[in-house]
Amino acid sequence: MGFVKLNIPVLVRQLKTEGNIQYQIQPLFIGRPTATHRRFELAMNQFKKEMRHYFKGFTLDRERSDELLWFMFNPDFHFQSYF
């Protein structure tokens, strides 16, 4: 069985819940899995665990190839604030 290292772009958001700031991390174009924690480093570690669990036993075939491509989709874009 071969292993592949995936580079998955993520969306990081700061959420304010009950007066506390938490970091929520999820894949950029897919809403699952997510990880949330008040410390960024712990949220990232939890996210990595969630991703390993998600892909545990994953086999690539035609039916699931689109899903994998959405995880890895990383377009070149530029963000600009006008305010």
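Values in this document were obtained by computation on a predicted structure and should not be read as measured data. Throughout, numbering of the chain's residues begins at 1 and tracks the sequence.
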Q: Determine, step by step, whether Phe29 and Ile8 satisfy the side chain to side chain contact (heavy atoms under 4.5 Å, CB included) criterion, reporting the C-alpha distance in whole Å, the side-chain angles of both residues, the deciding distance to 0.1 Å, and the verdict.
A: CA-CA 10 Å; Phe29 294 106; Ile8 298 173; over 6 Å; no
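Just one residue in the list Glu50, Gln26, Gln46 forms a side chain to side chain contact (heavy atoms under 4.5 Å, CB included) with Pro33, and that residue is Glu50. Partner of Lys49 under the side chain to side chain contact (heavy atoms under 4.5 Å, CB included) criterion, out of Met51, Arg52, His53: Arg52 alone.
Qualifying side-chain hydrogen bond (donor to acceptor under 3.5 Å, both in side chains) partners for Gln24, counting only residues two or more places apart in sequence or in other chains: Arg13.
Hydrophobic clustering (ILVMFWY, side-chain heavy atoms < 4.5 Å, transitive): Val12 and Tyr54 are in one cluster. Val10 and Leu15 end up in different hydrophobic clusters when Ile, Leu, Val, Met, Phe, Trp and Tyr side chains are linked at under 4.5 Å. At a threshold of 4.5 Å between side-chain heavy atoms, the hydrophobic network of Ile, Leu, Val, Met, Phe, Trp and Tyr places Leu42 and Met44 in two separate groups.
Here the closest non-hydrogen pair linking Ala35 and Ala43 is CB-O, 3.5 Å. Considering all non-hydrogen atoms of both residues, Tyr23 and Arg39 come closest at CD1-C, 3.9 Å.
To the nearest 0.5 Å, atom CZ of residue Phe40 and atom CD1 of residue Ile25 are 4.5 Å apart.
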